[in-house]
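I have a structure here, written as structure tokens, and I will follow up with some questions on it.
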Amino acid sequence: MTQAAARDAILAVVAAIPAGRVMTYGHIALQAGLPRRARLVGKILSGLPEGSPLPWWRVVNASGAISPRGWMGHDDLQRLLLEEEGVAFSAAGRINLKLFSVTPVV
DNA sequence: TCCTTGACGAGAT
DNA sequence: CATCTCGCCAAGG
């Protein structure tokens, strides 16, 4: 599997996440046929252009929380977008994956 | 080739 | 729940 193919596979999985649902980095990697490549998923997403059509905000970490970006404001934006789609956050700012996550078809 | 980084994950405390 | 530790693996210097 080439790097370009891996990238496309990951982006395809992200693009397929339905509104109102979220998916973890690990699950995305797994679904893309790249087990244990969660960090690669983050790597790819970090390189996305501003106006990308991809629903990057539906991607959260395994804790159901929004991963810190270093670029202030983006994490808040992500939470806003998700809440707008009906995704509920706990007081601790985490999502109940049991209810909102998409499970890989493995 | 070695070393460091990092939008990660799971388990222990 | 919050923190830590350790494991993982691709990229880039």
Side-chain angles (χ1 to χ4, degrees):
Chain A
M1 160 100 52
T2 70
Q3 57 193 358
R7 186 182 70 87
D8 290 342
I10 290 171
L11 295 184
V13 174
V14 173
I17 304 174
R21 292 296 200 74
V22 299
M23 211 170 188
T24 69
Y25 295 91
H27 282 172
I28 289 171
L30 185 62
Q31 186 64 44
L34 302 165
R36 297 196 274 315
R37 301 292 183 282
R39 305 188 81 140
L40 179 58
V41 175
K43 189 95 168 174
I44 299 300
L45 292 186
S46 69
L48 282 179
E50 275 289 329
S52 174
L54 254 74
W56 54 268
W57 59 88
R58 297 187 194 139
V59 184
V60 298
N61 60 36
S63 299
I66 293 174
S67 294
R69 298 184 165 48
W71 195 260
M72 205 189 97
H74 277 217
D75 47 354
D76 292 315
L77 169 62
Q78 178 169 9
R79 173 167 178 163
L80 264 290
L81 289 169
L82 286 176
E83 290 183 318
E84 204 169 302
E85 294 183 343
V87 177
F89 284 74
S90 72
R94 296 210 303 258
I95 300 169
N96 186 330
L97 297 178
K98 193 69 175 175
L99 300 177
F100 301 102
S101 70
V102 181
T103 312
V105 191
V106 185

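All of these numbers come straight from a predicted model, not from anything done at the bench.
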If you assign His27(A) and Leu40(A) each to the DNA chain B nucleotide with the nearest heavy atom, which residue ends up on the more 5' nucleotide?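 Result: Leu40(A).
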Rounded to whole Å, please give me the gap between CG in Asp76(A) and C1' in dA7(B).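 Rounded to whole Å, this separation is 15 Å.
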With a non-hydrogen cut-off below 4.0 angstrom, is Arg37(A) in contact with a base, only sugar-phosphate, or nothing?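 Contact class for Arg37(A): sugar-phosphate only.
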d(CD1, Ile95(A); C1', dA7(B)) in whole Å: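 For the pair Ile95(A) CD1 and dA7(B) C1', the rounded distance is 14 Å.
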Given atom CG of Leu34(A) and atom P of dC9(C), what is their separation to the nearest angstrom? 12 Å
Find the distance Leu30(A):CG to dA10(B):C1' and express it as a whole number of Å. 15 Å
With no hydrogens and no angle check, is any side-chain donor or acceptor of Ser52(A) less than 3.5 Å from a backbone partner on Leu54(A)?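 Here the side-chain-to-backbone pair exists.
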Under 4.0 Å between a side-chain N/O of Ser46(A) and OP1 or OP2 of dG6(B), yes or no? no
Length of the line joining Ile10(A):CD1 and dA10(C):P, which is rounded to integer Å: 11 Å
Measure CD/Gln78(A) against P/dA7(B) and give the value in whole Å, please. 13 Å
If I take atom CZ in residue Arg39(A) and atom C1' in nucleotide dG9(B), what distance separates them, rounded to the nearest angstrom?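 Taking CZ of Arg39(A) and C1' of dG9(B), I get 9 Å after rounding.
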Show the nearest heavy-atom pair for residues Leu97(A) and Val22(A), with the distance to one decimal.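 Where Leu97(A) meets Val22(A) most closely, the heavy atoms are CD2-CG2, 4.0 Å.
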Same cluster or not: are Leu40(A) and Leu48(A) linked, directly or through other Ile, Leu, Val, Met, Phe, Trp or Tyr residues, by side-chain heavy atoms under 4.5 angstrom apart?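 Both belong to a single hydrophobic cluster.
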Passing option when Leu34(A) is tested against Arg36(A), Gln31(A), Arg37(A) for side-chain contact (heavy atoms from CB on, under 4.5 Å):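 With Leu34(A) as partner, Arg36(A), Gln31(A), Arg37(A) yield a single side-chain contact (heavy atoms from CB on, under 4.5 Å), made by Arg37(A).
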What is the distance, to the nearest angstrom, from the NZ atom on Lys43(A) to the P atom on dC9(C)? 16 Å
Going by modelled atom types, is there a donor-acceptor pair between the base of dC8(C) and the side chain of Arg36(A) at under 3.5 Å? no
